[in-house]
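Step one of this worksheet: look at the structure below.
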Amino acid sequence: MSSLRFKVVDEAFNRKADPVEIPAERPEKYYGKYVFNRQKMFEYLPAKTYEALCNAIDNKEPLPREVADEVAEGMKRWAIENGARHYTHWFQPLTETTAEKHDAFIDHDGKGGVVENFTGKLLVQQEPDASSFPNGGIRNTFEARGYSAWDISSPAFILGNTLCIPTIFISYTGESLDYKTPLLRALNSVDRAATAVVRLFDPEVNHVKSYLGWEQEYFLVDESLYSARPDLMLTGRTLMGHESAKNQQLEDHYFGAIPSRVEAFMLDLEIECHKLGIPAKTRHNEVAPNQFELAPIFEETNLANDHNLLLMSLMAEVASRHHFRVLLHEKPFAGINGSGKHNNWSLGTDTGTMLFSPGKTSKDNLQFITFVVNVMAAVYRHNGLIKASIMSATNAHRLGANEAPPAIISIFTGTQLANILSRIATSSTDDLIDLNDKEEINLNLSQIPEIMIDATDRNRTSPFAFIGNRFEFRALGASANCASPMIAINTAVSEQLTLFKEAVDKRLAQGQPLRTALLEEIRTLILESEPIHFDGNGYSDEWKAEAARRGLDCETSVPAIFDSYLAPASIKMFTEAGVFSKVELEARNEVKWEMYTKKVQIEARVLGDLALNHIIPVAMRYQSMLLDNVLKIKSVFTANKADSLIQSDMEAIEAIAFHINSIRNDVKDMVNARKVANRIPAEREKAVAYHDTVVPVMDVIRDHIDHLEQMIDNEMWPLPKYRELLFIR
Ligand code: ADP
Ligand code: MG
């Protein structure tokens with residue numbers, strides 16, 4: 001009866017590792033082969049053009065039109081030599097994937113044939129008719145034009161046979177409709193603000209860069225099994241499925257030996273990454289069965305984020321070569337860990353100083369403390385917003401379980417840094433400064449360099465952890481665009497640094513020495529932002545109560561969490577930094593609420609279909625087998641004897657009937673809840689209604705189905721079970 005299930009399980013379990021085409025050369029030879037990086041620019045562009053382009057990139061200046069034409073010509077030559085036939089502007093609409101529309105290079109030659117052309121105009125700007133991308137009402141369909149414009153700070157690359165040009169995407173009226181535009185604005189903002197502060201220490205600094213090292217977690221599922229699970233195919237997660245008797249209890253998967261089929265996939269993926277200039281470095285098994293991780297070497301945030309998006313599409317493609325499907329959903333399977341995407345984030349100067357790394361001298365350390373404390377203050381002030389920046393319908397399943405940070409933002413510092421901060425907070429400025437030493441700022445913090453180099457105490461339960469030379473933001477979900485938290489964090493820090501600089505300047509104007517001014521302001525910030533500092537167990541219930549007492553944002557409803565974007569403090573911060581206008585913020589929230597509703601709606605429909613068309617029919621068939629059995633027993637045995645023999649059958653029949661009836665009623669309730677919610681015109685209230693009235697019923701339906709799975713004949717069960725989906729051989 002469930003022959004499909006047995007067929008796909010058989011296929012999956014008998015599959016062997018697919019061969020990988022390993023280049024004859026070492027990675028240094030093919031790394032960046034398909035990237036129009038500086039080396040290619042140098043080779044394919046006239047010397048003057050090369051210089052003008054590098055100059056524009058380095059100084060964030062616009063590219064003159066004549067230069068663009070020459071760049072386009074060189075880029076086309078390189079692309080065609082490497083097999084490209086099309087070009088596309090590659091951008092990041094608010095759908096959380098990338099978008100591309102390919103055009104062939106060809107043009108009429110006027111003699112009935114074609115020539116291959118590519119001009120500066122086509123390279124720099126396009127007007128895709130993009131009315132079908134989410135825009136939160138910014139563009140009406142009658143004004144469907146959007147502009148995509150080349151982001152020269154991220155190099156073009158060739159994917160398959162297509163030259164991809166990373167671009168921003170904005171509306172005809174200038175509002176951003178993507179992730180890249182506000183990210184670039186946020187990076188500029190933090191550059192300006194941080195440079196101003198660093199220059200108090202080192203006047204040689206001209207720019208501060210933001211760095212990102214993401215860690216991409218994912219699940220792999222065999223493609224045959226995947227194709228037999230409509231829920232996985234349509235929603236990215238299993239909407240039902242009883243826990244496997246064995247899953248991650250034995251903790252035998254984390255860092256375990258990588259199955260050979262998976263290793264082949266990983267190697268293939270890494271080779272592709274390296275050809276595309278993605279510095280993939282680390283790979284390992286994650287905690288849950290079939291869960292893995294890939295991490296590159298960190299890069300500047302904008303490029304790192306483009307690389308993450310590119311990686312996510314590469315993964316899907318390479319996986320299919322190996323008869324796998326990649327699941328980037330934050331919680332594909334109940335009962336085992338979900339997937340996140342830790343964002344390791346830091347700031348560094350153009351002179352090579354990493355600002356969250358303790359230094360060798362006490363002056364360096366004062367700078368280090370300045371930056372760390374400002375980050376803490378920024379995250380404290382905007383903790384609700386930073387949580388909103390990683391929240392989504394899918395990530396909501398992961399946060400707050402005992403596997404991922406809670407839906408409360410706090411910062412872990414570790415004991416050493418905590419001790420230093422508390423010492424600064426409780427000592428007088430004079431105690432901390434040796435006033436006799438005018439040459440060197442002699443802050444009694446000499447212990448920092450030795451002790452902080454190796455940050456051994458790690459706290460996995462903290463969403464935002466200081467780990468020696470960077471902060472690790474762990475709340476982001478596996479499928480998300482890193483730009484979202486990177487926009488929020490960099491802008492918040494930029495705002496805080498600006499306030500800090502103003503306060504220090506005021507003290508300097510009053511004649512205070514620099515180090516006194518700095519220490520006084522640092523002390524104020526440490527005391528003010530104390531509530532965000534938490535080194536304890538973030539999974540515990542005591543923390544939830546404590547966090548609420550401290551006034552941290554403890555909201556757990558996704559649609560309500562998005563409200564933080566429209567809080568007066570957020571609007572002020574984003575508009576003053578020039579990252580988002582109020583209109584953009586409002587439009588984006590409309591999109592967020594709409595996306596939330598749509599995702600729940602799709603899941604609810606799939607669940608309803610599966611429950612009524614897959615599960616109930618099978619449950620009834622099994623129930624009728626039991627009924628048959630009862631009748632037969634009754635016809636063979638005496639009444640007394642039969643009564644005792646059929647007792648457990650009767651119980652099973654009743655239990656099945658109970659679940660079937662409940663499922664039918666609950667599906668009805670769920671459909672009704674949807675109908676009511678769908679009539680609500682405002683996106684926010686509609687999303688709230690989906691959250692409050694649709695999601696809870698889905699959980700109940702699932703529970704009934706998972707009970708049935710345990711009762712019904714294994715041979716009849718139609719969907720691959722967890723124990724079959726989760727263990728790649
Ligand atoms: P973990 O032990 O947290 O799993 P991984 O090695 O998997 O560590 O990933 C750490 C990530 O942090 C890598 O991408 C690494 O390049 C990045 N990273 C290291 N130092 C910095 C830094 N200063 N700024 C940003 N990212 C960094
Ligand atoms: Mg990590």
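Starting from 1, each residue takes its place in the sequence as its number. Both ligands and their constituent atoms are indexed starting at 1 by order of listing. Keep in mind that this is a model prediction, so the values were computed, not measured.
- Looking at Asn395 and Arg398, their side chains do bring a donor and an acceptor atom within 3.5 Å of each other.
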Between Met486 and Leu212, does a side chain to side chain contact (heavy atoms under 4.5 Å, CB included) hold up when you go through it step by step? CA-CA 9 Å; Met486 285 294 111; Leu212 167 63; 4.2 Å; yes

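- Taking any N or O of Ser346, backbone or side chain, at least one lies under 3.5 Å from an N or O belonging to ligand 1.
- The shell of residues lying under 4.0 angstrom from ligand 1, judged by heavy atoms, excludes Lys281.
- In terms of polar-atom proximity, Trp345 is not counted as a contact of ligand 1, lacking any N or O under 3.5 Å from an N or O of the ligand.
- The closest side-chain donor-acceptor pair between Asp151 and Ser153 falls under 3.5 angstrom.
- Using a cutoff of 4.0 Å between basic side-chain nitrogens and carboxylate oxygens, Arg321 and Asp18 are not scored as salt-bridged.
- For ligand 1, the polar-atom distance check finds no N/O of His284 at less than 3.5 Å from any of the ligand's N/O atoms.
- Interface of Ile297 with ligand 1, defined as ligand atoms under 4.0 Å from a residue heavy atom, comprises 16 (O).
- Geometrically, ligand 1 and Ala295 share no nitrogen or oxygen pair separated by less than 3.5 Å.
- Taking the charged nitrogens against the carboxylate oxygens, Arg283 and Glu293 have no contact shorter than 4.0 Å, which rules out a salt bridge.
- Atom numbering of ligand 1 starts at 1 in the shown order; those under 4.0 Å from a heavy atom of Glu293 are 7 (O).
- Note: no N/O pair closer than 3.5 Å links Tyr211 and ligand 1 by distance alone.
- In this structure, a donor-acceptor pair under 3.5 Å is present between the side chains of Glu495 and His382.
- Nearest to atom 20 (N) of ligand 1 by heavy atom, out of Met354, Glu286, Arg470, is Arg470.
- The shortest N or O to N or O distance between Leu212 and ligand 1 is not below 3.5 Å.
- Checking His533 against Thr413 by side-chain atom types alone, a donor-acceptor pair falls below 3.5 Å.
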